[in-house]
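To start, the structure under review is shown below, and the notes come after it.
Each chain gets a letter, A, B and so on, in the order the sequences are listed, and its residues count up from 1.
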Amino acid sequence: MTDAGSKVIINRKRPGMILLLIDRSYSMEDTVRNDGRTLAQMVADAVNETLYNLCLLCIHEEHEGPRPYFRVGLIGYGMSATADVQAVEPALGGMLAGKEVVTSTELALNPIRVVERNGGADFDGEMISVPEWLEPVAGYATPMCEAIYRAGSLAADFCANHPDSYPPIVINLTDGVVTDEPYAPTGDQHPAGLDEWAERLTTLRTNHGPLRFLNAFVSATPLDASWFPSTPNGLPEPGRRLFDISSPLPEDLATAAADKGKPIGAGARALIVNASPHELAAFLEIGTLDVLNGAEYGG
Amino acid sequence: MSGLIEPQVFVTAKPGERPESCQDVAWFDPAVAGGPVAGFAVADGATGGWDGRRWAELVVDAAADAIAEAGGAIDGRWVRAELADALDRARETWRLESPSSEPTTDPVAALARAKFKTSGGQCTLTAGVLWAGTEGSWHLRAFAVGDSPLVHLRPSDDGYRVLLAAPQHRADQFDTHPTLISSKPPGPGAVVPGLSAIAIDDLAVGDAVLVMTDAIAAWALHRDEVIGDPWGVLVGLDHAGFGALIDRTRTTDEMAADDVLLLRMTIAAQPYRALPTVGPLTTPTQPIGPGGGR
């Protein structure tokens with residue numbers, strides 16, 4: 001399951017890291033066909049659900065509260081959440097505004113709101129209270145390179161400080177084409193394109209293997225989603241570029257995907273193209289909770 | 001009755017954890033319901049669920065009650081009757097202790113309720129009885145769910161040899177998804193899913209019976225397979241030695257950084273004397289030996 005060949009342990013000393021890159025470009029205002037939500041709202045809902053489930057993984061007793069099993073970062077790129085400008089910025093709001101990475105404890109304690117909703121079958125149809133962390137935002141262009149660069153900085157720090165942890169999981173949620181390449185951070189004289197920034201990102205690793213870089217292309221007119229494609233041929237734009245930058249599917253992720261009934265071919269990449277709202281939620285679940293399901297938690 | 005069961009419980013929490021957070025729980029009663037049968041139980045609460053320690057306490061309590069109700073006579077009928085009823089009562093207690101279901105703006109309360117409802121509690125259980133036979137040997141009957149195995153040891157020329165290890169007898173049989181007793185009611189017809197029965201009829205003076213939670217059991221079985229007899233070390237442990245063993249094997253990554261519990265029951269040759277009960281609710285700030293009370 002891992003390069004180290006040993007059991008994955010997630011605890012306070014060996015936390016996991018999850019970074020979500022959230023496209024906030026203008027086109028995220030488009031309304032999803034047969035759904036009624038904007039793409040930005042669809043992504044925010046899926047991200048909120050993922051964060052909620054991550055927090056559930058981390059809580060074992062009410063008086064103790066959630067444990068810091070994870071480092072979590074949300075990076076928005078496109079419209080700023082606080083001003084009418086383009087920005088690449090931390091996307092958590094409320095008490096966590098401006099923080100690039102927080103522990104799962106900080107995350108759980110500081111949602112932007114707690115909403116009531118029907119809990120479904122698990123709760124016998126009762127209403128439940130559910131925290132939310134992310135607001136939908138849309139506007140301006142798609143500075144994806146800078147977002148990947150920022151993710152790389154955070155992930156590099158994490159890998160250096162937690163070499164025995166499960167490798168960082170970075171998931172890019174986008175509906176568009178990169179608009180900021182070639183990109184060079186301030187003070188850097190060597191601009192690079194999307195592929196190079198992604199390559200730099202995916203060379204990061206812990207003793208348990210390379211960073212996992214997943215990409216989800218969402219569409220306002222989702223048709224025939226391509227799950228974990230093995231070839232870029234036939235993918236709608238920008239599918240080919242997203243294919244190229246996505247991690248080859250590691251064994252544990254392939255297992256998690258297969259367990260959810262997603263056929264995995266040779267050379268499959270950590271990518272979904274044309275995800276509907278339901279499929280986006282499932283993709284995030286496979287890429288985070290399912291892939292970490294075999295880990296041993298505690299301590 | 002000849003001989004004496006000398007029980008010792010060694011327990012410690014995960015590294016860096018508060019002792020009271022330890023989710024491994026044990027019980028031993030040298031005279032169940034004042035009779036000639038000794039009872040024991042070990043449970044290992046699952047970290048991934050809700051309040052694994054509390055559920056492990058309730059399940060060990062349930063096993064102790066069920067053994068007492070049957071006067072120490074446990075068999076398949078006991079599983080379906082006394083044990084099943086006692087586990088149902090444990091589930092009801094668990095339900096009554098549930099987090100509030102009122103609407104809340106407190107995110108921790110919201111998460112607590114959801115985790116309680118969706119995950120519940122899970123734990124292993126290995127519970128049984130020991131008694132002296134008229135022919136001089138001792139007998140054991142036990143039932144086990146999950147990966148807290150029981151090991152029967154006999155002294156040999158070069159240490160101890162394993163006469164029985166069950167349900168697990170190899171180190172590679174431990175994984176992170178053992179069958180567990182859940183706070184959620186089992187499905188129709190599945191009174192206690194995944195139950196293994198253990199019977200020993202040739203326990204002799206000098207033998208030891210160990211019941212171990214997964215970390216130390218996996219360590220011991222692996223060492224037995226690869227290096228050689230770990231059993232003499234475990235049979236000879238005192239509390240200081242237990243602490244040193246755990247520290248050393250965790251440092252070298254030989255033992256998983258998990259809660260650890262070892263219940264050791266030795267058939268000794270001394271004349272019978274009354275021993276106090278080891279209770280499941282004893283907070284393991286120190287290794288538990290004979291003492292405390294249920």
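Neither the backbone nor the side chain of B:Ala46 has a heavy atom closer than 4.5 Å to any heavy atom of chain A. Within the 4.5 angstrom heavy-atom criterion, only side-chain atoms of A:Glu116, from C-beta onward, approach chain B.
Using a 4.5 Å cut-off on side-chain heavy atoms (C-beta onward), A:His60 and B:Thr47 make contact. Using a 4.5 Å heavy-atom threshold, the side chains of B:Lys14 and A:Arg12 count as separate.
Side chain of A:Ser129 to backbone of B:Thr104: a donor-acceptor contact under 3.5 angstrom is found.
Counting all heavy atoms, side chain and backbone alike, A:Glu62 lies closest to B:Val108 at O-CG1, 3.8 Å. Minimum heavy-atom separation, A:Phe123 to B:Ala114: CZ-CA, 3.6 Å. Of all non-hydrogen atoms in B:Arg113 and A:Met127, the two that sit nearest each other are NH1-O, 2.9 Å.
If you take CG on B:Asp253 and CD1 on A:Ile9, they are separated by 7.5 Å, rounding to the nearest 0.5 Å. Atom CG of A:Leu56 is separated from atom CZ of B:Phe116 by 14.0 Å, given to the nearest 0.5 angstrom. Distance CZ/B:Arg53 to CD/A:Glu61: 10.0 Å, rounded to 0.5 Å.
At a threshold of 4.0 Å, the pair B:Glu17-A:Arg67 counts as salt-bridged, since one of the basic side-chain nitrogens sits closer than that to a carboxylate oxygen.
Annotation: maximal heavy-atom pairing with chain B below 4.5 Å, among A:Ala108, A:Gly65, A:Gly119, occurs at A:Ala108. Ranked by heavy-atom pairs shorter than 4.5 Å toward chain A, the options B:Thr105, B:Leu111, B:Asp51 are led by B:Leu111. When each of B:Ser119, B:Pro107, B:Ala112, B:Ala110 is checked for heavy-atom pairs under 4.5 Å with chain A, B:Pro107 comes out on top.
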